[in-house]
*Asks:* 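This is the structure, below, for whatever I ask next.
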Amino acid sequence: MSMKSNILLIYTGGTIGMKQDPETMTLVPFDFSQILEEVPELKKFVHTIDLHSFDPPIDSSDIEVKIWMDIANLIKERYEDYDGFVVLHGTDTMSYSASALSFMLENLEKPVVFTGSQLPIGMLRTDGKENLISSIEIAAARDKDGRAMVPEVSVFFESQLYRGNRTTKYNAENFRAFRSANYPSLADAGIHIKYNIPFIRYPGTWGKELAVNTNLDTNVTILKIFPGISPDTVKSILSTPNLKALIIETYGSGNAPTKQWFINLLQEAIAKGLIIFNISQCLAGSVDMEAYATGILLKRIGVIGGNDSTTEAAIAKLFFLLGQNADILTTK
Ligand code: ASP
């Protein structure tokens, strides 16, 4: 069997698609259809690589749900033509997009690898080339039966492949910009690309049709707890019009102030139907609302524990579940 794969590169924007204007020395987006000029190494692949560019390319700070829908629909439309997809995306919100796509693409059996760069691909010391080339390699990789090695939504950055909905951008300068604190990497790209098979998600049954869930409900917001937080701050967040779910970013293993005004405000909101989802401000570890009295209090009033979810995954999951009218958010 030929291991030549067909790969679709989806360029949404971000630093990776920029180069330095020699006159002004500022960073400007280049025409991504000219990618071969910047990365002639791509010609060495045996794989067929096609390109789809978003027009105009966007800085990922401007990502909205509509763009996630466009990416998901594009993958659905071209699903049969390609063995894998590489999504070039700004790093700032890459973890949000990868999380969202992981929930939107149901029965995914092909790789969707998000990548980008800290330095533009048109700069000498860019990290973009390595990220792009290894991402293509991973998106194209198949086992002896011709099945994808990593049939899930992932993020590749600086030699590591992570599960997309486990990542966070944690470094604004370093080439190792992403971290997956609560889940091992899916692959390590050194001299060889070593796949961490036991941690990769494989379909229970292969051959199911890809389903794209584009119904997302964005009536969700985040409240980060801090010492000295005032009743007015909490009240103002809780009075957000049409709010359906609130993520509270709490301390440590899910602890929040025990002051009566705070508990009462949350309890009243839950009684009116608000979903309150508790995740930790810590990057690693998990919420355990039974560890301390401060957490137990939250559990008692009906706050839902978010386990070891990142903020990015929590937002995307709540958008997704609310959009499906899911009845699966329980306090159990
Ligand atoms: N602001 C850029 C973006 O997220 C940064 C990057 O691409 O790394 O689009």
Side-chain angles (χ1 to χ4, degrees), residues 8-21 24-35 37-39 42 51-72 74-75 85-102 104 112-136 138-139 153-180 185 189 218 222 283 310-313 315-316 319:
L8 184 63
L9 266 188
I10 302 172
Y11 171 60
T12 64
T15 299
I16 193 162
M18 297 193 168
K19 65 178 181 183
Q20 208 160 29
D21 182 310
T24 62
M25 299 307 276
T26 55
L27 293 178
V28 286
F30 67 89
D31 176 1
F32 213 80
S33 61
Q34 307 302 317
I35 180 74
E37 268 173 38
E38 301 299 331
V39 195
L42 291 181
L51 177 69
H52 179 100
S53 273
F54 275 57
D55 186 19
I58 47 167
D59 187 290
S60 79
S61 309
D62 279 325
I63 286 285
E64 285 176 8
V65 164
K66 163 82 176 63
I67 308 273
W68 295 342
M69 292 177 184
D70 291 345
I71 301 172
L74 178 67
I75 291 173
F85 301 84
V86 174
V87 183
L88 300 172
H89 192 291
T91 56
D92 289 346
T93 59
M94 191 185 293
S95 295
Y96 289 91
S97 296
S99 296
L101 267 289
S102 77
M104 293 165 82
V112 174
V113 186
F114 277 75
T115 197
S117 68
Q118 293 281 63
L119 273 181
I121 219 160
M123 283 179 83
L124 215 47
R125 285 184 54 252
T126 186
D127 52 332
K129 280 192 189 185
E130 199 266 312
N131 287 347
L132 173 60
I133 290 168
S134 296
S135 296
I136 293 173
I138 290 166
V153 178
S154 57
V155 165
F156 181 84
F157 226 84
E158 182 67 3
S159 85
Q160 296 300 307
L161 183 76
Y162 300 118
R163 173 161 296 167
N165 59 26
R166 291 302 195 139
T167 60
T168 298
K169 180 175 178 183
Y170 85 106
N171 198 315
E173 286 188 15
N174 206 284
F175 283 160
R176 179 146 298 172
F178 288 85
R179 183 178 276 187
S180 166
S185 62
T218 60
I222 303 175
L283 278 186
T310 59
T311 302
E312 294 88 334
I315 275 278
F319 282 7

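Just so you know, these numbers use all the heavy atoms, side chains as well, and skip hydrogens, waters and symmetry mates. Counting convention: from 1, in listed order, for ligands and their atoms alike.
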*Asks:* Under 3.5 Å between any N/O of His89 and any N/O of ligand 1: does that happen in this structure?
*Replies:* no
*Asks:* Going by ring-ring contact (aromatic ring centres under 6.0 Å, His included), His89 matches just one of Tyr11, Phe178, Phe114. Which one?
*Replies:* Phe114
*Asks:* Would you say ligand 1 has an N or O under 3.5 Å from any N or O of Ser60?
*Replies:* yes
*Asks:* Give, for atom NZ of Lys169 and atom OG1 of Thr310, the distance between the pair rounded to the nearest 0.5 Å.
*Replies:* 15.5 Å
*Asks:* Give the numbers and elements of all ligand 1 atoms closer than 4.0 Å to a heavy atom of Ser117.
*Replies:* 8 (O)
*Asks:* Does Arg179 form a side-chain contact (heavy atoms from CB on, under 4.5 Å) with Phe157? I'd like the steps, not just the answer.
*Replies:* CA-CA 9 Å; Arg179 183 178 276 187; Phe157 226 84; over 6 Å; no
*Asks:* Could you tell me whether a side-chain N or O of Asn174 sits under 3.5 Å from a main-chain N or O of Ala177, the two making a donor and an acceptor?
*Replies:* no
*Asks:* Check whether any side-chain heavy atom of Arg125 lies under 4.5 Å from a side-chain heavy atom of Phe175, and answer yes or no.
*Replies:* yes
*Asks:* Mark yes or no for whether Thr168, through its side chain, and Tyr170, through its backbone, hold a donor-acceptor pair below 3.5 Å.
*Replies:* no
*Asks:* Which residue owns the protein heavy atom closest to atom 8 (O) of ligand 1, what's the atom, and how far is it?
*Replies:* Thr91 OG1, 2.4 Å
*Asks:* Contact between ligand 1 and Ala177 is defined here as a heavy atom of the residue under 4.0 Å from a ligand atom; is it met?
*Replies:* no
*Asks:* Examine Ser61 against ligand 1 and note whether any of their N/O atoms are separated by less than 3.5 Å.
*Replies:* no
*Asks:* Can you name the atoms of ligand 1, numbered from 1 with element, that are less than 4.0 Å from a heavy atom of Asp59?
*Replies:* 1 (N), 2 (C), 3 (C), 4 (O), 9 (O)
*Asks:* Which ligand 1 atoms, with their elements, are less than 4.0 angstrom from a heavy-atom of Thr15?
*Replies:* 2 (C), 5 (C), 6 (C), 7 (O), 8 (O)
*Asks:* Consider every N or O of Asp92 and every N or O of ligand 1, then say whether any pair is closer than 3.5 Å.
*Replies:* yes
*Asks:* Would you say Gln118 has any N or O atom under 3.5 Å from an N or O of ligand 1, going by distance alone?
*Replies:* no
*Asks:* Distance alone, cut at 3.5 Å: any donor-acceptor contact between the side chains of Ser99 and Asn165?
*Replies:* no
*Asks:* Is there a donor-acceptor pair closer than 3.5 Å between any side-chain N or O of Thr126 and the backbone N or O of Gly122?
*Replies:* no
*Asks:* Which atoms from ligand 1 have a heavy atom of Gly14 less than 4.0 Å away?
*Replies:* 7 (O), 9 (O)
